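Working notes for the structure below.
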Amino acid sequence: MVKWANYIAKRYESLLVLRPRILRLSGNARYLTTKTKKHLNFISNDYLGLSTNTEIVEAFNMAANVYGLGSTGAPTLSGYTEEHDLLSSEIASWLGFNRCLLFNSGFQLNVGIYSQLVDSDTMLWLDRNCHASHIDGILLSKAKFSSFTDANIDSMIDKIKLQTDKRHLILTEGSFSMDGTCSYLNKLLQLKKSSPDNVLLIIDDAHGVGALGENGFGTLEQLGLQTNDIDLFIGTFGKAFGTHGGFICGNENLIEYLQQSVRSQIYSTNLPPSIAAATRKSLEIIKSDEGRALRKRLRNNISYFSSLTDKNSPNFTNYQNGIYNQSPIQLLIFSDSNQLDAIHTRLFDNNILVGKIKYPTVPKDKPRLRISLNALQPNQDLDFLIEQINSMDNIL
Ligand SMILES: Cc1ncc(COP(=O)(O)O)c(C=O)c1O
């Protein structure tokens, strides 16, 4: 095992799963084209179909003509432009926070912040379904942490209320990337109201912001909840915004501190200015009547999709602890990965791309199809998808 080649071969063999990549040649919200086929797209996070919006592409091109392609440096060197400055203030004021800090990606953000927020007196609580970027960031920070689920949220809250001599950091997501809508956000907001000084609440709404709620504020708005009591609100531009990058909003002191301390932001070449400009245009659309209309179409697709499925189906999880999964991410959970493989292959053969998610991304006994809905899918595409799934084995 001294030789690198042997060591890497051994490590490779021990990987739990090998994930193929799909080589895409072109695409939009409805279709993705590969070398051999044109597929119905139920796999991307382009929830409003903005990744191919011509106005956004034009904004990108115009800024590239002014600034060039790369940002040319970290934000404290030459990498911070007026486009970045305007984008961060526009996002903060849109979401009702004092300040916003941009990152190259949501992953880079999540992997960087925890080391700067916790110490040995901090107790960190994270939902077990949180994204890998949070888990890696927390492991890097060496924080003490406990994981929870919707099933034991009440006992976690009770423990936090009792431990008033500790600082608590609670982390969850608005819409989980592999599980849909979070069911207990109201409970965390109530906790924040009753014990504001020693509890810091972080909500990552990467899959909700822009896509959900009347104004696009995300999952909380969709559930009729306010964002005021959240300390740090995280989002990404790579999903509903159709562009790229991550952002975190909060009060002036917290964000100033993160700006001065988070190494994954300080020591990385900043987002390209043209991406910031494109994202500003995307935000303009998200705030406009066009954005409202797109969100309405997405909402209709989410309801239409669940109307096509049998509510009693053991595979379809559109209710979790009484909360209807209103996210664009719909799940069909199987107990057996052979059945999942067979359905996935059948869909692929019928030109439908959906996510196939297995352990270690989700628990071993709950492999699943991850079906991403977007605003631009016509009903007939959803009908076809369900028809194909059901033709296997009356699954739904
Ligand atoms: C909840 C959540 N946070 C963060 C990320 C990472 O964001 P990005 O793709 O911008 O790195 C993801 C990615 O899917 C996610 O689901």
Side-chain angles (χ1 to χ4, degrees), residues 19 21-22 24 42-48 50-51 84 87-88 91 95 100-114 126-140 147 149-150 170-183 185 188 201-212 217-220 222 227 230 232-250 258 262 264-265 268-272 275-276 278-279 282-283 325-331 354-357 360-362 368 370-374:
R19 301 174 172 97
R21 295 190 295 196
I22 297 161
R24 169 158 90 86
F42 285 98
I43 201 167
S44 81
N45 299 321
D46 190 9
Y47 300 131
L48 299 182
L50 293 181
S51 78
H84 297 96
L87 175 61
S88 48
I91 290 285
L95 290 170
C100 168
L101 182 63
L102 305 178
F103 282 73
N104 265 305
S105 72
F107 202 107
Q108 207 166 318
L109 189 171
N110 294 338
V111 101
I113 55 174
Y114 297 102
L126 91 149
D127 189 299
R128 195 177 295 164
N129 292 326
C130 278
H131 190 256
S133 51
H134 292 291
I135 295 167
D136 287 5
I138 288 166
L139 292 176
L140 258 180
S147 61
T149 66
D150 52 355
I170 308 171
L171 163 67
T172 192
E173 296 177 11
S175 297
F176 294 103
S177 56
M178 302 299 159
D179 294 83
T181 310
C182 179
S183 64
L185 292 170
L188 294 184
L201 175 60
I202 305 185
I203 295 184
D204 179 343
D205 201 20
H207 294 275
V209 70
L212 302 177
F217 299 153
T219 310
L220 285 119
Q222 188 187 37
T227 49
I230 299 173
L232 290 167
F233 180 88
I234 294 170
T236 61
F237 299 129
K239 305 185 197 303
F241 282 77
T243 63
H244 196 90
F247 69 88
I248 184 162
C249 290
L258 294 176
V262 177
S264 61
Q265 187 264 155
S268 183
T269 303
N270 208 7
L271 270 181
I275 284 289
T279 308
S282 185
L283 176 61
N325 175 12
Q326 305 167 48
S327 89
I329 303 161
Q330 297 289 323
L331 294 318
V354 294
K356 181 167 72 166
I357 316 291
T361 306
V362 293
R368 60 198 70 184
R370 179 182 189 267
I371 298 166
S372 297
L373 302 177
N374 69 58

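Counting starts at 1 for both ligands and their atoms, in listed order. Keep in mind the model is a prediction, meaning the values are calculated, not measured.
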So which heavy atom in the protein is nearest [atom], and how far is it from that ligand atom?
{"atom": "atom 15 (C) of ligand 1", "value": "His131 CD2, 3.4 Å"}
{"atom": "atom 11 (O) of ligand 1", "value": "Phe107 N, 2.9 Å"}
{"atom": "atom 3 (N) of ligand 1", "value": "Asp204 OD2, 2.7 Å"}
{"atom": "atom 10 (O) of ligand 1", "value": "Gly106 N, 2.8 Å"}

Checklist line | Nearest candidate to atom 13 (C) of ligand 1, where distance is taken over non-hydrogen atoms, out of His207, Gln108, Glu173, Lys239 | finding: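 Ranked by closest heavy atom to atom 13 (C) of ligand 1, first place is Lys239.
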
Notebook entry, point to check: Going by atom types alone, do Thr361 and Arg370 pair a side-chain donor with an acceptor below 3.5 Å?
Noted result: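 No.
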
Margin query: Checking side-chain polar atoms at under 3.5 Å, does His131 have a donor or acceptor matched by the opposite partner on Asn110?
Written below: no

Checklist line | Val209 versus Gly235, closest heavy-atom pair with distance | finding: CG1-CA, 4.1 Å

Next item on the list: Write down the atom of Cys182, the atom of Thr172, and the distance for their closest heavy-atom approach.
Entry: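 That would be SG-OG1, 4.0 Å.
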
Find all atoms of ligand 1 within a distance of less than 4.0 Å from any non-hydrogen atom belonging to [X], and give their numbers and elements.
{"X": "Asn110", "answer": "3 (N), 4 (C)"}
{"X": "Thr236", "answer": "7 (O), 10 (O)"}
{"X": "Ser177", "answer": "16 (O)"}

Check: Quick one: does ligand 1 sit under 4.0 Å from the side chain of Asn45, the backbone, both or neither, non-hydrogen atoms only?
Finding: neither

Checklist line | Whether Ser175 side chain and Gly208 backbone form a donor-acceptor pair below 3.5 Å | finding: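 Not a single qualifying donor-acceptor pair exists.
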
Check: Are Arg368 and Asp179 close enough for a salt bridge, meaning some N to O gap below 4.0 Å?
Finding: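 Yes.
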
Notebook entry, point to check: Roughly how far apart are Leu271 CG and Leu87 CG, rounded to 0.5 Å?
Noted result: 8.0 Å

